Amino acid sequence: MGELKAIKLRNQVKEIKIKLIVNNIGRYAKVVCLIQMRISTEPKISDLMILKRNILT
């Protein structure tokens with residue numbers, strides 16, 4: 001009887017660990033996606049240089 005409880009407990013611990021890993025991967029993916037989106041909306045340095053050159057001439 002005690003072995004059965006121990007097996008159930010080990011399985012629950014494994015399940016929680018797997019859920020935690022999946023959750024962390026999902027959170028990491030969201031952060032990476034947001035960073036990529038933010039970087040893609042920033043103007044490129046070369047574009048800024050061209051604008052500055054056009055304004056000065």
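Fair warning: this is a prediction, and the values are worked out from it, not measured in the lab.
Taking Lys19 as the reference, Glu15 meet the side-chain hydrogen bond (donor to acceptor under 3.5 Å, both in side chains) condition, with sequence neighbours excluded.
Considering NZ of Lys8 and CD of Gln12, their distance stands at 8.5 Å, rounded to 0.5 Å.
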Could you tabulate the donor-acceptor pairs under 3.5 Å formed by side-chain atoms of residues 20-28, not counting sequence neighbours?
{"residue": "Asn24", "atom": "ND2", "partner": "Leu20", "partner atom": "O", "Å": "3.4"}

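Applying the 4.5 Å side-chain rule to ILVMFWY residues, one finds that Ile7 remains a lone member of its cluster.
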